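Treat the numbers as computed from the prediction; the structure is a model and nothing was measured.
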Amino acid sequence: MATMTPDERFALITENLQEVLNQDLIKTILDEGKNPRVYWGTAPTGRPHSGYLVPALKIAQLLAAGCDITILIADLHAHLDALKSDYELVAHRARYYQFTITAMLQAAGVSTDKLRFVLGSSYQTTPKYSLDVYRLSTMVSEHDARKSAAEIVKQSANSPLSGLLYPILQVLDEEYLDVDVQFGGMDQRKLFAASTEWHPKLGYRKRAHLLNPLVPGLSGGKMSSSEEDSKIDLLEPEESIRKKIRKAHAAPRETENNGLLAFVKYVLIPASALKEGNPGFRVSRDRDGLEPLVYTNIEQMLEDYKNDILSPQILKPAVADAVVELMAPIRAAYEKSPEWQEAALKAYPPPPPKQKKEKKQKDKKPKDKEAGNPPIANGETANGAAQ
């Protein structure tokens with residue numbers, strides 16, 4: 001970072017982003033020779049998977065560009081998400097997320113010295129923060145609150161009030177974390193635009209915003225925690241990783257909604273640049289007796305895929321090799337850390353074994369030995385006389 005110019009730092013900060021809001025704020029900080037303070041928030045709910053590598057690699061680039069990074073572990077948000085998880089469980093998941101995120105960044109080859117984790121509950125229940133929530137709620141209309149959270153909060157005709165509070169809370173996080181920039185996905189664009197408008201109403205300064213594109217999963221659609229084949233667990237065994245990538249959706253010549261190509265662009269090529277100093281992705285063609293294809297940028301790779309020079313049959317094993325290599329240090333760090341293993345067990349306890357239903361035995365009525373006579377019942381003899 002010491003040898004990078006402000007322009008080079010800005011280029012790395014904004015690489016692969018879909019949009020940057022208020023970018024002049026970032027340029028001013030860089031021109032002054034200072035480090036932009038950036039935050040990214042995540043709620044500790046489901047287990048982090050391969051989709052988390054997309055923001056993680058961007059955060060790794062921000063660290064390499066000399067930014068000071070804050071990771072907000074939104075434990076309070078996770079607890080209030082329909083009250084699905086009790087607070088003790090959320091606390092264990094928050095620890096698991098810290099271990100996982102740190103390991104992802106270290107696997108990308110960057111120092112985590114300028115990384116800090118903050119629990120949302122450490123300040124979101126303070127009197128000052130609560131007062132600002134009330135103050136901002138008097139200045140923001142219901143319409144604007146719904147609009148700003150339209151892409152990130154499920155809405156209906158009779159939505160919970162928490163859906164209207166969500167954008168207010170997230171906007172205030174920027175002030176209380178004392179950052180210059182917030183990083184997030186394109187689904188948060190309306191909320192980021194609202195931040196620029198709402199902060200001055202409270203006398204607070206505007207922030208810049210970095211927006212990552214939404215990347216498709218392995219099955220071609222949106223990467224979802226509930227869709228098992230759309231993502232890979234960060235601690236998944238090698239054979240399972242290779243199996244999922246073999247099954248991944250990758251139609252020949254089609255680059256749209258291709259999760260493998262997107263993963264190469266936003267994860268594998270940036271990771272190689274950070275770890276080795278030069279971006280690169282290698283595709284072996286040994287079985288065809290040809291020289292390997294080596295890509296230093298995604299543009300040539302997409303062109304070759306459209307022309308079927310790069311086919312799904314040779315792309316998939318190349319992606320699998322690179323993913324296995326990238327995730328190996330994460331799994332190794334987990335296996336060496338009893339604390340992480342303990343957090344995993346408490347955060348995501350295995351479901352209790354299903355109890356087998358006992359088969360109800362049908363009562364078999366005894367047959368009378370004498371043919372033609374009805375069975376004996378109710379303490380009577382065959383001829384009806386009481387015993």
Side-chain angles (χ1 to χ4, degrees), residues 1 12-13 35-78 89-123 173 177-179 181-185 210 212 225 231-237 241 263 266-268 270-276 322-348:
M1 189 273 290
L12 185 55
I13 288 170
N35 298 330
R37 292 167 296 181
V38 186
Y39 110 81
W40 175 71
T42 181
T45 50
R47 288 175 69 103
H49 51 73
S50 54
Y52 284 68
L53 284 166
V54 176
L57 260 294
K58 185 69 248 176
I59 292 168
Q61 289 182 318
L62 296 175
L63 286 167
C67 297
D68 296 328
I69 303 296
T70 296
I71 305 293
L72 171 64
I73 306 292
D75 56 339
L76 190 58
H77 283 73
L89 181 64
V90 169
H92 293 310
R93 290 181 175 177
R95 285 189 68 222
Y96 183 85
Y97 269 57
Q98 291 187 44
F99 282 119
T100 305
I101 292 169
T102 301
M104 282 193 289
L105 296 173
Q106 291 174 344
V110 296
S111 169
T112 53
D113 291 344
K114 290 188 175 182
L115 177 71
R116 69 163 179 157
F117 289 94
V118 176
L119 290 174
S121 58
S122 66
Y123 65 88
D173 288 340
L177 292 171
D178 192 24
V179 296
V181 186
Q182 183 177 176
F183 165 56
L210 307 175
N212 238 11
S225 296
K231 85 291 185 201
I232 298 168
D233 189 277
L234 292 171
L235 300 176
E236 200 150 330
I241 293 173
F263 201 79
Y266 294 107
V267 176
L268 298 179
S272 68
L274 291 170
K275 293 193 315 183
E276 301 165 16
V323 171
V324 168
E325 182 180 351
L326 179 62
M327 289 189 176
I330 301 174
R331 188 170 183 84
Y334 173 79
E335 292 173 349
K336 291 178 182 178
S337 174
E339 295 84 1
W340 189 357
Q341 295 170 29
E342 179 187 17
L345 187 61
K346 292 181 177 179
Y348 305 100

Quiz prompt | Polar side-chain atom of Asp75 near backbone of Gly120 as donor-acceptor pair, under 3.5 Å | solution = yes

Self-check item: CD-CG distance between Gln106 and Leu115, expressed to the nearest 0.5 angstrom
Solution: 9.0 Å

Quiz item: Any idea which heavy atoms bring Val110 and Ala60 closest together, and the distance?
Solution: CG1-O, 3.6 Å

Exercise. Measure the spacing between CG of Asp68 and CG of Asp113 and express it to the nearest 0.5 Å.
Key: 11.0 Å

Quiz item: Below 4.5 Å, heavy atoms only, C-beta onward: do Val323 and Val267 meet side chain to side chain?
Solution: no

Quiz item: Pick one: which of Val38, Ile71, Leu72 meets side chain to side chain contact (heavy atoms under 4.5 Å, CB included) with Leu177?
Solution: Leu72

Quiz item: With a 4.5 Å heavy-atom cut-off, do Leu105 and Ile69 have their side chains touching?
Solution: no

Quiz item: Taking side chain as C-beta onward, heavy atoms only, is Glu339 less than 4.5 Å from Arg95?
Solution: yes

Self-check item: Interatomic distance, Tyr39 atom OH to Asp173 atom CG [nearest 0.5 angstrom]
Solution: 4.5 Å

Quiz item: Between Trp340 and Ala103, which heavy-atom pair has the shortest distance, and what is it?
Solution: CH2-CB, 3.7 Å

Practice problem: Determine the interplanar angle of the Tyr52 and Tyr97 rings, folded into 0 to 90°, and report it as parallel if under 30°, tilted if 30 to 60°, perpendicular if over 60°. | Solution: perpendicular

Quiz item: Looking only at atom types and distance, does a side-chain atom of Arg116 sit under 3.5 Å from a main-chain N or O of Thr70, one as donor and one as acceptor?
Solution: no

Quiz prompt | Minimum side-chain heavy-atom gap Ile101-Trp40 below 4.5 Å | solution = yes

Practice problem: Please tell me if the side chains of Phe263 and Leu268 come closer than 4.5 Å, counting only heavy atoms from C-beta onward. | Solution: yes

Quiz item: Checking Thr100 side chain against Tyr96 main chain: does a donor-acceptor pair fall under 3.5 Å?
Solution: yes

Exercise. Would you check, one step at a time, whether the test side-chain contact (heavy atoms from CB on, under 4.5 Å) holds for Leu62 with Val181?
Key: CA-CA 11 Å; Leu62 296 175; Val181 186; over 6 Å; no

Self-check item: Side-chain donor or acceptor of Tyr348 paired with backbone N/O of Gly46 under 3.5 Å
Solution: yes

Quiz item: Any idea which heavy atoms bring Arg93 and Ala347 closest together, and the distance?
Solution: NE-O, 2.9 Å

Quiz prompt | Minimum-distance pair of heavy atoms, taken over all atoms of Pro44 and Val90 | solution = CG-CG1, 4.1 Å

Quiz prompt | side-chain contact (heavy atoms from CB on, under 4.5 Å) between Ile73 and Val118, worked out | solution = CA-CA 6 Å; Ile73 306 292; Val118 176; over 6 Å; no

Exercise. Provide the closest heavy-atom pair for Asp233 versus Met327 in the form atom of the first, atom of the second, distance.
Key: O-SD, 4.1 Å

Quiz item: How many angstroms lie between CD in Glu342 and NE2 in His92, if you round to the nearest 0.5 Å?
Solution: 8.0 Å

Exercise. Look up atom CD1 in Ile59 and atom OG1 in Thr112, then write down how far apart they are to the nearest 0.5 Å.
Key: 12.0 Å

Quiz item: Is there a donor-acceptor contact under 3.5 Å from the side chain of Lys58 to the main chain of Ile13?
Solution: yes

Self-check item: Closest approach of Ala108 to Leu57 (non-hydrogen atoms, all atoms of both residues)
Solution: CB-CD1, 4.1 Å

